[in-house]
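One structure below.
From a predicted model like this one, the values you see are computed outputs, not experimental measurements.
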Amino acid sequence: MFSSFAKAFTNLFKTPQTIDYPLTPIEQEKEHRGLIEYGQEACIYCLKCEKACPPGAILFVPVENPPENEKNKKGLKYHYNPYLCIYCSECVRACPKPDEALWQSNKKSLPATKEDRVNESWFELERLKKQTD
Amino acid sequence: MKKIEVSLDTVREVIEGFYEYKKWHFLTLNGLALAENKMEVQWIFSKYEALEETVVYFAQIAYTDVIPSIVDLIPSAIISQRELVDMFGVQVEGSEKGLYLDEDSLQNPLSGCSL
Amino acid sequence: MIETLLILFAPLIGGLMYGFERKLRARMQNRQGPPLLQPFYDMWKLIDKQAFIVNPYHTILGVMHFITLWIVVAFIILGQNLLYVIFLHLLSTIFIILAGFSVKSIYSHIGSNRELQAMIAYEPILIMVAVGFFMKHGSFDISVIRENGALLASLFLLFLAFLMVMQIKLKKSPFDATEAHQEIVGGVEVEFSGVFFEFIYMAKWLEYAFVYLLLMLFAGNNIFLGIGLFLGVFLLVNLVDNATARIKMKHLLRIVLAIGLTLGMWNLIGLAYV
Amino acid sequence: MKQTINIPLGSQHIALLEPVRFKFECENEKIIGVDSDVGFVHRGIERACTTKFKFDSIGYVVARVCGLCAITHSLSYTVAIEKLLGGEISKKAKYLRILLLELDRIHSHMLCLSHTCENAGFEAMFMRIMGDRELVMEIQELLTGNRVQFDYISIGGVNRDLNSTVALKIKENLYEVKQRVLGYMDEFTNNWSLSLKFKGIGALSLDDAYIFNAIGPLARASGLNIDVRNEIDYLPFDEVGFLMQTHSDGDINARNLVRLNEILNSILMCENIINGLPEGEIFTKIKGKPNGEAIVRFEAPRGELMYYVKGNGTAMLDRVRIKTPTFASIPAFSHIFVGQDYADAPAILASFDPCLSCTAK
């Protein structure tokens with residue numbers, strides 16, 4: 001009891017452990033597992049990441065006008081849903097060209113707002129994917 | 001893991017003869033949906049302070065069968081029995097429905113036949 | 001004039017004290033804590049909430065609790081009879097207890113029960129404090145007490161007993177079983193909502209004013225001793241709050257009655273014969 | 001006239017931020033009967049594991065059963081699959097798995113201790129332990145990349161290697177945690193008000209612990225020698241210095257002391273692992289599709305966790321059965337409450353360290 005008493009008193013003269021959060025930003029660890037980032041130029045469209053992703057947060061869906069990449073034969077486009085992603089980095093481990101085509105950053109995803117339309121537009125992509133399979 | 005087959009009529013006697021409460025630890029009651037409207041019920045035990053000694057008693061039953069209760073032998077079995085009732089929709093003596101699932105949720109989610 | 005202003009702003013002063021205390025407590029726990037004016041922001045937010053009346057008696061009794069407490073504080077500031085003050089304060093507590101019993105919530109009932117038991121524990125000590133002042137000055141008038149010298153030394157045992165009462169009245173560990181938000185979710189105040197909860201919230205601030213004003217009486221006309229006493233006890237109350245867990249009602253009754261009454265009795269006997 | 005009152009605790013209650021309801025039948029404040037309901041948020045994870053996901057991603061699915069013992073869930077599942085596939089993982093991966101398992105146990109026990117203090121009305125101690133818990137969370141983030149959902153285990157090994165700077169940081173922080181834990185030990189044994197709240201309250205006798213199949217710290221506090229770390233052979237716990245911690249009183253205080261001693265033992269194990277980490281690969285590729293059935297048990301912070309996995313030679317599994325510790329202890333919980341004061345109920349409940357997100361899986 002007396003040690004707590006003394007501790008409470010000495011804590012008065014220490015800097016608090018908590019920070020003024022929105023004003024003082026949190027330091028992000030370098031190795032923090034954050035958002036997945038994609039380099040279109042290096043991608044060989046093997047679709048290994050899509051198969052490896054447990055929640056299905058990466059989808060390759062055909063587009064009308066195929067992007068300028070000669071390896072992309074079927075006209076696929078990479079889509080990534082950061083709100084579905086669990087940041088497990090299975091995709092990066094599955095990728096044959098990690099660090100160039102697919103890598104993990106330490107950025108955190110921002111909270112989704114209504115404008116992001118994460119649900120409806122994503123469901124649309126999932127439907128499209130099902131049709132092409 | 002040692003698997004021993006029992007029938008529903010004898011399971012109570014077998015467990016009564018086998019279970020010593022200071023020697024065996026009752027793990028749980030497990031259900032497993034099989035083909036042709038059948039399911040397997042498993043009573044899983046492990047031995048205290050022994051390396052990897054698990055004993056499984058199992059019985060293959062139809063969904064309409066009534067599973068005898070072992071709550072009077074092992075009081076803590078009640079919670080697994082009620083889970084089995086909720087998840088598979090089988091009947092276990094003295095165990096009611098409704099501890100895990102609400103009335104308006106999907107019923108018997110793990111049973112192979114009702115969906 | 002000053003007295004009128006003090007009376008008018010008594011709840012606000014109590015609120016500031018409460019805000020400062022939250023800050024102090026946070027620092028004792030190594031946290032930043034809320035801003036100083038957080039209690040007033042809370043009040044502002046509560047205005048927006050829907051005020052739900054469980055039953056009219058409950059609400060009226062809650063408001064009465066607040067008004068009576070304000071009158072109690074006014075009486076102390078005006079220097080009225082100390083005994084009247086203590087009994088009027090008792091009345092205000094009874095209002096909130098009745099309010100607690102008037103609804104169906106079981107938490108509210110248990111809270112009222114505990115409030116009653118706590119009253120049994122601390123009320124005799126408050127009366128003994130008043131008797132102690134009477135034996136020294138021959139009068140219960142607070143104005144008389146304020147005009148004479150400090151009685152901290154001669155009423156020291158009663159002062160110690162009074163410290164225990166403070167812990168109960170301010171709802172601080174170890175004697176905060178009446179509120180006990182992990183057990184009974186705040187006890188008597190659980191069914192108040194919206195603007196009516198504001199009265200209960202302000203009553204809490206007034207309770208601060210009441211308790212610390214009574215404490216200052218021990219310093220008599222010595223202002224510096226009064227301020228020192230206030231600051232020291234303020235710190236002590238919070239340090240004890242940060243060093244103890246909440247004890248149960250039966251332990252509270254036993255400890256406060258056994259130790260508090262004994263200390264008070266010895267002090268009174270001492271005053272009578274020495 | 002009605003002689004008893006019914007006091008509900010939950011399904012939403014300040015003392016327990018999880019959806020469980022206990023209904024106490026009380027005489028004054030003495031509890032004479034308990035009724036519990038746990039099925040508020042059934043999430044159907046067992047079914048999802050056999051219908052929605054392939055076996056190689058289920059490790060990440062079951063990690064979401066519980067935030068506090070996520071590592072134990074994914075580890076149990078992964079070991080079960082490794083058993084079915086017949087692969088052997090490297091010794092270094094095994095050591096790293098134990099390292100994270102024990103770090104997880106440290107922070108989970110600290111959370112439980114702080115919660116017990118808070119429910120006993122000791123807010124300062126709650127803040128103190130929670131603040132110190134950050135030391136462990138920090139090294140967990142350094143090691144795995146995340147504070148809570150580690151996603152560290154994969155079939156065949158672990159996902160990240162331990163480099164020397166992280167190892168040094170872990171040792172530093174664990175040394176600090178050890179000093180703090182010794183400080184709590186003093187507080188829990190010597191604080192007068194905590195002894196009123198904890199000593200002799202919520203006791204479970206050894207015989208009852210056997211009868212109700214109590215597990216985890218709850219059973220060990222009653223003197224029952226059950227610790228799955230002692231009963232399994234797939235991870236080398238005996239090599240890294242595991243010692244079973246028991247107590248004989250069975251009350252809240254005993255549970256707290258068992259947890260504190262386990263934290264100290266876990267710190268020792270972590271230090272041993274870092275000092276004697278073998279060389280080798282952290283990942284071995286294991287190929288195939290699971291076939292057959294396996295039972296795997298692990299000691300989660302709350303007690304024994306059991307996984308039953310049955311595969312049929314395809315990518316989809318036949319059955320994943322998760323037996324979580326809290327689920328198995330509910331009969332023991334209900335038994336302990338009878339005869340106690342309602343005023344003690346929140347503290348008793350917190351001392352069980354219930355995890356309802358495990359129960360409603």
Within a radius of less than 6.0 Å around [atom1] of [X], do more than 12 heavy atoms belonging to other residues, nucleotides or ligands occur?
X	atom1	value
A:Y80	OH	yes
D:E172	CD	yes
D:K199	NZ	yes
A:Y83	OH	yes

[X] and [Y]: which non-hydrogen atoms are nearest, and at how many Å?
X	Y	result
A:C88	D:D151	CB-OD2, 3.8 Å
D:Q149	A:R33	O-NH2, 2.7 Å
D:F53	A:P54	CE2-O, 3.4 Å

Side chain / backbone / both / neither for D:Y152 at chain A, heavy atoms under 4.5 Å: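 Neither part.
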Heavy-atom proximity to chain A below 4.5 Å, by part of D:R147: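 No part of D:R147 comes within 4.5 Å of chain A.
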Ring pair (Phe, Tyr, Trp, His ring centres under 6.0 Å) partners for D:Y184, two or more places apart: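 With sequence neighbours excluded, D:Y184 shows a ring pair (Phe, Tyr, Trp, His ring centres under 6.0 Å) to no residue whatsoever.
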From D:E187, D:R128, D:M125, residue fulfilling side chain to side chain contact (heavy atoms under 4.5 Å, CB included) relative to A:K7: D:R128
Validation row: D:D56, A:E90 side chains within 4.5 angstrom (heavy atoms):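 The answer is no, as the side chains (C-beta and beyond) never meet within the 4.5 Å cut-off.
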Most chain A-contacting option - heavy-atom pairs closer than 4.5 Å, from D:R160, D:E138, D:M127: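 Ranked by heavy-atom pairs under 4.5 Å with chain A, first place is D:R160.
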Residue selection (most heavy-atom pairs with chain A, distance under 4.5 Å) from D:N190, D:T144, D:I58: D:T144
From CD (A:E31) to OG1 (D:T165), nearest 0.5 Å: 8.5 Å
Euclidean distance, D:L142 CG relative to A:H32 NE2, rounded to 0.5 Å: 11.5 Å
Those residues of residues 10-22 of chain A, ordered by number, that approach chain D below 4.5 Å (heavy atom to heavy atom):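 So far as heavy atoms go, A:Q17 are the residues that approach chain D to under 4.5 Å.
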